[in-house]
Amino acid sequence: MTVFEELQRRGLLAQLTDEEEIKELINAGKATFYIGFDPTADSLHVGHFMALCLMKRLQMAGNKPIVLLGGGTGMIGDPSGKSDMRKMMTRETIDHNVECFKKQMSRFIDFSDGKAIAVNNADWLLDLNYVDMLREIGVYFSVNKMLSFECYKQRWEKGLTFFEFNYMIMQSYDFYKLFTDYGCNMQFGGDDQWANMLGGTELIRKKLGKDAYAMTITLLLNSEGKKMGKTEKGAVWLDPEKTSPYEFFQYWRNVADADVIKCLKMLTFVPIEEIEEMEKHMEGAEFNKAKELLAYELTALVHGEEEAKKALDTAKAVFGGAGSSENMPTTAIPADKLTDGAINILDLMVECGLVPTKSEARRNVQQGGVSVNNEKVTDPKAMITLDGETILKKGKKVFHKVTLG
RNA sequence: GGGAGUGUCGCAUAGUGGCAAUUGCACCUGACUGUAAAUCAGGGGGCUUCGGUCUGCGCUGGUUCGAGUCCAGCCACUCCCA
């Protein structure tokens, strides 16, 4: 099976500028392509992960990836598909984030022996001269056309500043720059980047009279049309400090039935034939097996086999009664929080970070959603005696181990 | 620069001068389940010795016994004119 076919069967391909040409190039392993990552936070998230997987697949097929870190574009912020303007980040924050990105990426992409390279567009964007830029690049962009782009639509209500409007030009310039300096003839990215990417191919055509290609991958949406990899509390991060491997595992273990197969196809390296086979008989308990596979595979890819096993064990211990509780998220309560070796249930929950406030804890307790060592606690005044390990449970799925510290 | 408007819980929306403040979505808890979906029931600022108490409707002041609600100034955004 060719890479292209694989990508297609996994449902990863969204839009392509020239299907035949792209197919040929990437199947032959002759493409030099880039994907841009703007350092908007100090950790990558699932969307980045998909892009990195795409890179890896293409790299395995012999193509050469360029990781473009958006140290320069991050100074602006991409308005595409956003309803609000991003907070402007300081130079320091951006540099810090770039470093975090680099560190995480080396897990997924092989940069040894020039098999892949990483560049930072701060190196060329920050020194641009305004007037020169306008004369050399600005002339190729039609404002009329840009205004008609779908990706700005959400901005019509809230407004779009000239500042952000320039983002597209920056990104187009990146592609142009990489094309001339590195022979990079393809740009890939999320489907929300389509307009920005076309800006680049057109700039290259207009300015150099040469062809470059762009391809987007499907955004991972759940069956309700929302972006996956987000929780109410924010993104699901790849950084174990920000989203623990167990939480990460649980997120995928809990996806809706309707989304499992899609996620397996798009996010894992489980052979496509296997997934297609599973798809044929999905009902009842099969869904749980599939979800477990998804969660395990993904956790293993992101955090390593060992962490994946631990998460799986913990999940089994907690939900199935087998296995051990040793890898459960744990909080050690310092002795000075205790009176006579006990602590109030509400305080305990807050200490463990299970709830943001005591009122919230009280509500949970009163509604019967809290148990300690498997015994329901309904009195908000209850004092919990801590000795050794105590298992705290909030709601149906949140388990937490408490130890003495 | 001129004119018209808007700014209330994560988003969206209601609010005659006496409200911790309406409704929808999302969210949280319970029941049923498969750690799913759908459905049904409950919850909603913080702290509380459960008597209260503090904070709160863009920001700052003012009028008033009392202001999300009236007045002034400021800020942000939207629309029209330049």
Side-chain angles (χ1 to χ4, degrees), chain A residues 79 81-88 152-164 221-228 230-236 246-264 278-279 281-296 298-299 311-323 325 327-329 339 344-347 349-351 353-372 374 376-383 391-400:
Chain A
K82 306 278 183 320
S83 56
D84 292 294
M85 180 164 163
R86 303 272 193 104
K87 277 212 179 77
M88 253 201 249
Y152 297 134
K153 208 165 185 182
Q154 291 201 43
R155 279 314 192 74
W156 294 141
E157 286 177 29
K158 302 241 177 178
L160 179 69
T161 58
F162 184 66
F163 170 70
E164 294 174 281
L221 302 177
N222 66 18
S223 46
E224 286 164 350
K226 287 185 186 150
K227 269 193 197 177
M228 295 203 66
K230 294 238 189 269
T231 67
E232 285 321 300
K233 284 164 196 142
V236 174
Y246 177 72
E247 284 175 274
F248 186 86
F249 181 94
Q250 280 301 312
Y251 178 84
W252 299 105
R253 181 58 187 68
N254 282 312
V255 296
D257 286 7
D259 300 320
V260 205
I261 291 294
K262 183 167 56 187
C263 288
L264 276 169
M278 284 171 77
E279 195 174 4
H281 4 252
M282 284 302 278
E283 40 189 275
E286 293 301 314
F287 278 109
N288 282 337
K289 277 190 203 156
K291 287 179 195 178
E292 202 169 279
L293 178 67
L294 170 68
Y296 183 85
L298 213 40
T299 310
L312 180 64
D313 266 4
T314 308
K316 283 194 167 153
V318 157
F319 294 101
S325 68
N327 303 307
M328 208 179 276
T339 39
N344 173 261
I345 181 68
L346 305 184
D347 292 325
M349 289 174 72
V350 175
E351 285 294 325
L354 293 182
V355 288
T357 65
K358 288 177 81 169
S359 300
E360 179 75 27
R362 180 174 289 114
R363 248 170 256 137
N364 277 307
V365 170
Q366 285 170 341
Q367 291 177 138
V370 178
S371 42
V372 173
N374 251 329
K376 201 165 263 193
V377 178
T378 48
D379 178 11
K381 285 178 193 158
M383 295 301 285
I391 306 297
L392 196 56
K393 181 185 175 198
K394 190 207 98 171
K396 275 189 292 195
K397 297 177 195 168
V398 185
F399 290 81
H400 203 92

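So you know, we letter chains A, B, ... as the sequences are listed, proteins then strands, and number each from 1. No experiment lies behind these values; they were computed from the predicted model shown.
Nucleotides B:rA67 and B:rC59 are separated by 15 Å at their P atoms, to the nearest Å. Comparing the P positions of B:rA38 and B:rC25 gives an interatomic distance of 12 Å, to the nearest angstrom.
Residue contacts shown for A:K291 include a base, since a base heavy atom lies under 4.0 Å away. A:N288 comes within contact range of at least one nucleobase, with a heavy-atom separation under 4.0 Å. Residue A:A256 is in sugar-phosphate contact alone, with no base atom involved, counting any heavy-atom pair closer than 4.0 Å across all strands shown.
For B:rG61, the O4'-C1' to base torsion is more than 90° from 0; the nucleotide is therefore anti.
Residues A:K289 and A:E292 are not paired through a salt bridge, judged by the lack of any N-O separation under 4.0 Å between the basic side chain and the carboxylate.
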Each base of RNA chain B marked ( ) or [ ] if paired in-strand (Watson-Crick or G-U under 3.5 Å), | if paired to another strand and . if unpaired gives ((((((((.[[[..)..(....]]].(((((.......))))).(((....)))...[[[[[..)....]]]]]))))))).
Can you name the atoms? Protein N/O to nucleotides 43-46 of chain B N/O, anything below 3.5 Å, with the distance.
{"residue": "B:rG43", "atom": "O4'", "partner": "A:Q367", "partner atom": "OE1", "Å": "3.0"}
{"residue": "B:rG46", "atom": "OP1", "partner": "A:T357", "partner atom": "OG1", "Å": "3.2"}
{"residue": "B:rG46", "atom": "OP2", "partner": "A:R363", "partner atom": "NH2", "Å": "3.0"}

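Rounding to whole angstrom units, NZ of residue A:K289 and C1' of B:rG34 are separated by 12 Å. Between the NZ atom of A:K226 and the C1' atom of B:rC27 there is a distance of 10 Å, rounded to whole Å. If you take CD of A:E283 and P of B:rA37, they are 19 Å apart, rounded to a whole angstrom. The interatomic distance linking A:R253 (CZ) with B:rA36 (P) rounds to 8 Å, in whole Å. Spacing between atom CG of A:N222 and atom P of B:rA37 amounts to 11 Å, rounded to whole angstrom units. A:R362 has its CZ atom 16 Å from the C1' atom of B:rC28, to the nearest Å.
Between A:V377 and A:A382, the shortest heavy-atom contact is CG1-CB, 3.8 Å.
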